[in-house]
There are 2 protein chains.
Amino acid sequence: MPLPIKISEETFTPRQQAVLTAALDLLVENGDGLTMTAVARRASCSKETLYKWFGDRDGLLTATVQWQAAKVRMPHVDRSHLSAKVLRESLEQFARDLLTTIIGEVSITLNRTAITHAAQEKDSLGNIVLENGPMAIRRRLKPILEAARDARLLRFNSSEDAYRIFFGLVVRDVQIRLLLGDKSLTQSNVEANIEADVKAATDQFLALYGAKANT
Amino acid sequence: MPLPIKISEETFTPRQQAVLTAALDLLVENGDGLTMTAVARRASCSKETLYKWFGDRDGLLTATVQWQAAKVRMPHVDRSHLSAKVLRESLEQFARDLLTTIIGEVSITLNRTAITHAAQEKDSLGNIVLENGPMAIRRRLKPILEAARDARLLRFNSSEDAYRIFFGLVVRDVQIRLLLGDKSLTQSNVEANIEADVKAATDQFLALYGAKANT
DNA sequence: CCGCAGGCGTACCGTACGGTACGGTTCCGC
DNA sequence: GCGGAACCGTACCGTACGGTACGCCTGCGG
């Protein structure tokens, strides 16, 4: 069954959402070793119900990832009156949201699960994570960048390139190291530096793409 | 059995290396669905031999990853006579090596395998990949950056920060998208842009950290 | 020529887990 | 009150796969 593009509140009943919550919790706890029996026990439902609702294990996994990924909400920036100050604050907000998201356990788990699935020719989970992660940010950020260019606040040829550089400046090696389980990069460790990193990334992005030396 | 830190030629006999090659091929082909029976058949050896040599499935996986990861050799840059030109070429070489590595199927497979393992509280594979990937680059790059700072070619406070920014400028969202199986990012697609990306990343890094407007 | 170590192929075992079947219970419409 | 739908709990089935055992062959030292 092809999943709907948009996940809304009514897509899953409250009971189903409780099941998905249980599945997500188990995913975070036990990694990809998610068994249908464990989900059924945790959610106090029968396996038969799981199969009835979600088809098979992949369906449950997909529903879980999609449901959780859709929870991530991006801040909406009013691009009608952009100033250097507003632009900077918007960029900082994006950087902050991006960083706080990728260092969260839920994000790490979802990305790991999707990557594991992508290793088996199943790209559906990967597409969902991509669509609700990097691509969602890109959709939000690019119009702002282009509006800033129109307002002579930024200068670049390709907004696509500019977005990707921003992504790189913010994420750097943090995500891959967390995904690989780098112990020297504890969550609290990164968390403490978020504000400094956000500011640094924004400064650097503006240094590269700012129309002049606009702080 | 704790694995040796350093993998040399003599660590594995030729026959064992043939087995590891078979395992790696299967890993690239079938993702993490690697079975001992498949390896034994592909390598024309018995399962009993596999267990004798590598202990268990994890041991075989670890040996495969470690053996392959150790194959990646970094270019050695002579940092005794650094000029702006030599520095730029060195940076471009690092960027080129980094990009060509991460877009390769072997690297994608190894990273996916290690991430899958990290999702199960097994961090050994992740550590190996980290150690031979990002950390190896860091070890090579940081001395060069520091030498360049001493030669007044670069200006920065923390060479750690500088390295991580360089990593971000080069990798951007390429690696995570490939790991997630993004179809719109074909290998040939990225490959065609490598030289442009290498140059762009180097330019941007020098724009941020160059002592002056040194092209 | 003999014995034996190393290794191949295969058969085998145990278990974990995806998926199904079924009896029992609750709840809702009629 | 009654029939049925939804759902829980659990027992069950089939299979895939990790790991082991064993028979056989080959090569080699003595």
Side-chain angles (χ1 to χ4, degrees), chain A residues 1 3 10-65 109 112-114 116-117 119-122 124-125, chain B residues 1 3 10-65 109 112-114 116-117 119-122 124-125:
Chain A
M1 56 172 164
L3 280 164
E10 313 88 39
T11 308
F12 300 111
T13 68
R15 182 77 182 98
Q16 286 172 335
Q17 294 186 32
V19 171
L20 294 179
T21 302
L24 184 65
D25 288 349
L26 283 173
L27 219 50
V28 172
E29 289 171 22
N30 303 338
D32 203 20
L34 183 73
T35 71
M36 301 299 278
T37 307
V39 174
R41 203 157 38 218
R42 174 73 66 104
S44 292
C45 72
S46 75
K47 282 169 68 175
E48 194 170 21
T49 304
L50 291 184
Y51 285 102
K52 182 173 186 178
W53 284 348
F54 304 105
D56 56 3
R57 185 176 178 277
D58 258 26
L60 173 61
L61 224 46
T62 306
T64 305
V65 172
T109 299
R112 280 180 178 160
T113 306
T116 300
H117 249 62
Q120 292 150 7
E121 266 99 317
K122 306 244 182 187
S124 58
L125 289 190
Chain B
M1 55 170 167
L3 281 165
E10 313 86 40
T11 309
F12 300 111
T13 69
R15 184 77 183 97
Q16 287 172 333
Q17 292 187 30
V19 171
L20 295 178
T21 303
L24 185 65
D25 289 349
L26 283 173
L27 219 51
V28 172
E29 289 171 21
N30 303 338
D32 202 20
L34 183 73
T35 71
M36 301 300 277
T37 309
V39 174
R41 202 157 36 219
R42 175 72 66 101
S44 292
C45 73
S46 74
K47 282 170 67 176
E48 195 169 21
T49 305
L50 291 185
Y51 285 101
K52 183 173 185 179
W53 285 350
F54 304 104
D56 56 2
R57 185 175 178 278
D58 259 25
L60 173 61
L61 224 45
T62 306
T64 305
V65 172
T109 299
R112 279 180 179 160
T113 307
T116 299
H117 249 62
Q120 292 149 7
E121 266 100 317
K122 307 243 183 187
S124 58
L125 289 191

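Below, read A as the first sequence line, B as the second, and so on, with proteins coming before strands; counting in each chain starts at 1.
Applying the side-chain contact (heavy atoms from CB on, under 4.5 Å) rule to B:Arg15 yields the partners B:Thr13, B:Ala18, B:Val19, B:Cys45, B:Trp53; only residues at least two apart in sequence or on another chain are considered. Among residues two or more places apart in sequence or in another chain, the salt bridge (Lys or Arg N to Asp or Glu O under 4.0 Å) test is passed with B:Lys47 by none. Under the side-chain contact (heavy atoms from CB on, under 4.5 Å) criterion, B:Ala38 pairs with B:Leu26, B:Thr35, not counting sequence neighbours. The side-chain hydrogen bond (donor to acceptor under 3.5 Å, both in side chains) test applied to B:Ser124 returns no partner, not counting sequence neighbours. Residues forming a side-chain contact (heavy atoms from CB on, under 4.5 Å) with B:Thr116 (at least two apart in sequence, or on another chain): A:Thr116, B:Asp32, B:Gln120. Annotation: salt bridge (Lys or Arg N to Asp or Glu O under 4.0 Å) contacts of A:Asp56 (sequence neighbours excluded): none. Among residues two or more places apart in sequence or in another chain, the side-chain hydrogen bond (donor to acceptor under 3.5 Å, both in side chains) test is passed with A:Asp58 by A:His117, A:Lys122. Looking at residues two or more places apart in sequence or on another chain, you find a side-chain hydrogen bond (donor to acceptor under 3.5 Å, both in side chains) between B:Ser46 and B:Thr49.
The salt bridge (charged side-chain N to carboxylate O under 4.0 Å, His left out) analysis of residues 17-31 of chain A, with sequence neighbours excluded, yields the pairs A:Glu29-A:Arg42.
For the atom pair OG1 (B:Thr113) and CG (B:Leu34), the distance works out to 8.5 Å, reported to the nearest 0.5 Å.
Each end of the helix from C:dC1-D:dG30 to C:dC30-D:dG1 yields a helix axis from five base pairs, and these two axes differ in direction by 0° (to the nearest 10 degrees).
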- Item | Where protein sits on nucleotides 9-21 of chain C, one letter per nucleotide: B base, S sugar-phosphate only, - none, heavy atoms under 4.0 Å | B-------SBBBB

Contact list (N/O, under 3.5 angstrom) for nucleotides 24-29 of chain D vs protein:
none

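Note on B:Trp53: every side-chain N or O is 4.0 Å or more away from OP1 and OP2 of C:dG6.
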